[in-house]
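Here is the structure we will look at.
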Amino acid sequence: MADCRKRKIEVVGGGDESKGREETHTFRKVIGNEPGDDNGSASESLLSGFKTIAVLRDSAREKNIFIHGKIDDQEAVVILEKTPIREESLPEIFKDSRLKLEMKNDIYSTYQLQPPPHLNEIKTTVVCPATEKHVKKYLRQETFLLEESGEDYLSITLPFIQSQSFSVQWVYNILEKKAEADRIVHEDPDPKVGFVLLPDFKWDQKQLDDLYLIAIVHRRDIKSLRDLTSEHIPLLSNIRKGGQEVIQKRYSVPATKLRVYLHYQPSYYHLHVHFTSLSYDAPGCGVERAHLLSDVIQNLEADPKYYRSRCLSFLVRADDGLLRKFKDAGRV
Ligand code: M7G
C-alpha cells in the first residue's frame, strides 16, 4: 500500500515524528503540467490516484470545493480553491492568453480566456490521513449556538475536548522547526511570552487582500481562551505588539488594517492568535466565534478570571459530539 503520509513528510522536509497523526499540507497545483510546484517531484503525483467519495461542500461564489476521498487506501480531504487575480499579472494575462469568443451582441461580448498555466493555479490543501472529525469539519451542516458557563466548560466541554480533539502535532512541528520552518515570519523565543508568527495555510501569500497569519505561543499549557487569566496579559500584549510591528514592517499593513482575534471554540487546542486583513471576510471572523485580542486583554485587565467565569457562546454543528453532551446534561 502506498503511503501518502510518508510522501508528505518528505514534502515538509521532516522525519517521521508525526507518525499516527493527521498530516496537512498545502500545494499550489498548476493546471497544464507546469513545473510550478515548489515542493519537489515527491508531491507531484500525490493526487493522481485520488478517488472521490463525496463532495462535502462547494461554493460557486467562493470558488472552492471540499472533497472527501481516498489516496491509495487512506482517507483524505482535499480542498481546491481558485486564487484571486493579481493586478501585477494583468499585463501577462492580456498578452499571453488565448481568447475564445463565446458570444457577441452589440457592444457586449463574453470569452473563455486561457491564461498561461502559471497564472491558472488552484490552491490545493490535502489532509491525509484524515480522521472522521476532519471530514465532519468540512461537511456543510446545520449549526447551533451554545452558551457555555464556566461550570459547563469544566464539567462538559473540557472532558470532551480531552477525549477527542484534533491532534496539535502540526503545531509542535512548527514550534520545533520540523515543518514550515522556512515560512516563519517572526519568532520571539521567550518560553513564557514568546511565539512564532507564520502564514496560515489558508493564505497563499500572493496578495495582501486576504492576508492571514497565525501567532502560535511557545507555551504548551494554554488550550484556549478559557484558560486565560490576567497572568497571561504580558503574553497576549507581546503577541499583539510583536505581530502588528512585524506585519507593518514586512507587508506594510498597519495595525488599523488588521483584525487580530482568537477563536472560541478553536479547532486546535494550543493557544494561537489569528491576524487577518480587515478587508478579508475570513471564515470564522464573525461575532459567534472571533474574540478580538484587544477586547480579551481589556477583559482580563478588568477581571483577572473573566474567561474562567463568563458564559461564552459558540457554534456547533448538528452532529458534533459536544452538542450531544450539552443535550445529555440538559443544557440545551
Ligand atoms: P482554529 O481556530 O484552531 O481552527 O485555527 P479553524 O481551522 O477551525 O479556524 C487554526 C488555524 O490554523 C486555522 O486558521 C487554520 O487554517 C490554520 N492551520 C491549520 N493547520 C493544520 C495548519 C498547518 O498545518 N499550517 C499552518 N500554517 N496553518 C494551519
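Both counts, for ligands and for their atoms, begin at 1 and track the order of listing. Here the structure is a predicted model, which means the values were calculated and not measured. In what follows, every heavy atom counts, from backbone to side chain, and hydrogens, waters and symmetry copies are set aside.
At least one donor-acceptor pair closer than 3.5 Å links the side chain of H270 to the backbone N or O of V217.
Using a 4.0 angstrom heavy-atom cutoff, K137 counts as in contact with ligand 1. Heavy atoms of Y212 come nearer than 4.0 angstrom to ligand 1 in at least one pair.
Side-chain contact check for E92 and H118: at least one donor-acceptor pair (N or O, by modelled atom type) lies under 3.5 Å.
A ring-centre distance under 6.0 Å is not found for Y280 and W203.
Taking only nitrogen or oxygen atoms, main chain and side chain alike, I214 does not reach within less than 3.5 Å of ligand 1. Remark: ligand 1 and I174 share no N or O pair separated by less than 3.5 Å (distance only, no angle test). For ligand 1, the polar-atom distance check finds no N/O of W170 at less than 3.5 Å from any of the ligand's N/O atoms.
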When you look at K206 and D204, which way does the salt bridge (charged side-chain N to carboxylate O under 4.0 Å, His left out) test go after all the steps? CA-CA 5 Å; K206 295 220 168 160; D204 68 4; 5.3 Å; no
For the pair K137 and S267, evaluate side chain to side chain donor-acceptor pair (under 3.5 Å) and give the outcome as yes or no after the intermediate values. CA-CA 9 Å; K137 174 176 159 83; S267 295; 2.9 Å; yes
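Within ligand 1, the atoms closer than 4.0 Å to a non-hydrogen atom of P266 are 2 (O), 3 (O), numbered from 1 in the order shown. Shown in contact with H274 at under 4.0 Å from a heavy atom are these atoms of ligand 1, numbered in order with element: 2 (O), 5 (O), 11 (C), 14 (O). Taking a cut-off of under 4.0 Å to the non-hydrogen atoms of H263, the atoms of ligand 1 that pass are 1 (P), 2 (O), 9 (O). Close approach to S267 involves these atoms of ligand 1, each under 4.0 Å from a residue heavy atom: 1 (P), 2 (O), 3 (O), 4 (O), 6 (P), 7 (O), 8 (O). Within ligand 1, the atoms closer than 4.0 Å to a non-hydrogen atom of R183 are 27 (N), numbered from 1 in the order shown. The distance from ligand 1 to the heavy atoms of K202 drops below 4.0 Å at these ligand atoms: 13 (C), 14 (O), 15 (C), 16 (O).
No part of Q169 comes within 4.0 Å of ligand 1, judged by heavy-atom distances. Residue P199 touches ligand 1 through its backbone alone, judged by heavy-atom distances below 4.0 Å.
Crowding of R324 atom CZ: a count of heavy atoms from other residues, nucleotides or ligands under 6.0 Å not exceeding 12. Around the CG atom of D190, the shell of radius 6.0 Å holds more than 12 heavy atoms that belong to other residues, nucleotides or ligands. Around NZ of K257, the count of heavy atoms belonging to other residues, nucleotides or ligands within 6.0 Å does not exceed 12.
Judged by the 6.0 Å distance and 45° axis criteria, R331 is not positioned over the aromatic ring of F326.
Selection from H270, H272, E180, Q265 by nearest heavy atom to atom 10 (C) of ligand 1 gives H272.
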